[in-house]
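Letters A, B, ... are given to chains in the order of the sequence lines, protein chains preceding strands, and every chain is numbered from 1.
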Amino acid sequence: GENVEQHPSTLSVQEGDSAVIKCTYSDSASNYFPWYKQELGKRPQLIIDIRSNVGEKKDQRIAVTLNKTAKHFSLHITETQPEDSAVYFCAASISGGGFKTIFGAGTRLFVKA
Amino acid sequence: GAGVSQSPRYKVAKRGQDVALRCDPISGHVSLFWYQQALGQGPEFLTYFQNEAQLDKSGLPSDRFFAERPEGSVSTLKIQRTQQEDSAVYLCASSLEGQMNTEAFFGQGTRLTVV
């Protein structure tokens with residue numbers, strides 16, 4: 001089955017700096033890659049997603065890149081703000097006859113003011 | 001309602017007790033998922049429904065776990081003879097499409113503590 005690995009597990013940056021979180025997946029059939037942000041005690045919420053037919057997608061300060069050949073995808077947050085502090089999860093979706101989303105273990109991002 | 005609703009928010013069960021966790025998905029959403037999230041970990045897939053059909057239950061950790069969605073809307077996750085390792089947050093998510101990969105909306109979860 002699909003396996004998603006995510007790193008780093010913890011990331012601390014200064015306000016205004018960029019943060020990069022990287023993930024790899026194992027199943028080449030995966031074609032949908034969402035990123036979720038989870039604040040303490042709250043539900044995961046989708047912040048950006050990318051499908052396998054594109055290599056990059058950007059939404060204001062957040063961008064995601066996908067390398068299908070290497071089975072890598074990354075989240076880039078620019079001009080970080082304290083409110084970006086949270087746990088971020090990457091995920092990969094296995095399609096065909098219904099689907100399930102496999103999550104990475106998460107990255108705890110601290111943005112220091 | 002506007003979002004996915006789960007109840008109860010918190011549940012404390014004595015070891016060996018049966019529990020039932022409820023999920024009300026967003027109205028009209030075809031797909032419904034249950035995930036288990038241990039402290040400090042990512043959500044782990046348990047099971048998936050498309051309407052009332054349970055299409056994948058490969059993530060259920062044992063036969064003590066059972067899920068149903070009899071009318072294709074509300075779903076219940078039942079855990080029999082709870083054990084301490086069942087302590088976790090149980091997340092429900094729903095999405096609009098059945099076959100396409102689209103955004104899944106999560107509920108706030110049920111935090112289960114087995115003592």
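Going from atom CZ of A:Phe103 over to atom CD of B:Gln37 covers 8.5 Å, rounded to the nearest 0.5 Å.
Under a 3.5 Å cut-off, the side chain of B:Tyr35 and the backbone N or O of A:Thr101 do form a donor-acceptor pair.
Both A:Ile102 and A:Phe33 sit in one connected hydrophobic cluster of ILVMFWY residues. Membership requires side-chain heavy atoms under 4.5 Å apart, directly or through other members. Both B:Ile79 and B:Leu32 are members of a single hydrophobic cluster when ILVMFWY side chains are connected at heavy-atom separations under 4.5 Å. Under a hydrophobic clustering in which Ile, Leu, Val, Met, Phe, Trp and Tyr are joined whenever their side-chain heavy atoms come within less than 4.5 Å, directly or via other members, A:Val64 and A:Leu109 fall into the same cluster. By the criterion of side-chain heavy atoms lying less than 4.5 angstrom apart, applied directly or through intervening Ile, Leu, Val, Met, Phe, Trp or Tyr residues, B:Phe33 is not grouped with B:Leu112; the two fall into different hydrophobic clusters. Cluster annotation: A:Val87 and B:Phe106 are assigned to the same hydrophobic cluster (Ile/Leu/Val/Met/Phe/Trp/Tyr, side-chain heavy-atom contacts under 4.5 Å, transitive).
Within the structure, every pair that satisfies the side chain to side chain donor-acceptor pair (under 3.5 Å) test and touches residues 57-71 of chain B, not counting sequence neighbours, is listed here: A:Lys100-B:Ser58, B:Asp56-B:Ser58, B:Arg64-B:Asp86, B:Glu68-B:Lys78.
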Legend entry - Criterion side-chain contact (heavy atoms from CB on, under 4.5 Å) on A:Tyr32 and B:Glu103, from CA distance to verdict: CA-CA 10 Å; A:Tyr32 177 63; B:Glu103 178 181 0; 4.3 Å; yes
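By the 6.0 Å contact criterion, CD on B:Gln54 is enclosed, its count of non-hydrogen atoms from other residues, nucleotides or ligands being greater than 12. Remark: B:Gln83 CD is packed, more than 12 non-hydrogen atoms of other residues, nucleotides or ligands lying under 6.0 Å away. More than 12 non-hydrogen atoms from other residues, nucleotides or ligands lie less than 6.0 angstrom from CD of B:Glu85.
Contacts between B:Ala93 and chain A at a heavy-atom distance below 4.5 Å are absent for every atom of the residue. Contacts of A:Gln6 with chain B are absent, with no heavy-atom separation under 4.5 Å from either backbone or side chain.
Comparing B:Gly107, B:Ala53, B:Gly109 by heavy-atom pairs within less than 4.5 Å of chain A, the highest count is held by B:Gly107.
Interface residues of residues 41-49 of chain A toward chain B, defined by a heavy-atom distance below 4.5 Å and sorted by number: A:Gly41, A:Arg43, A:Pro44, A:Leu46.
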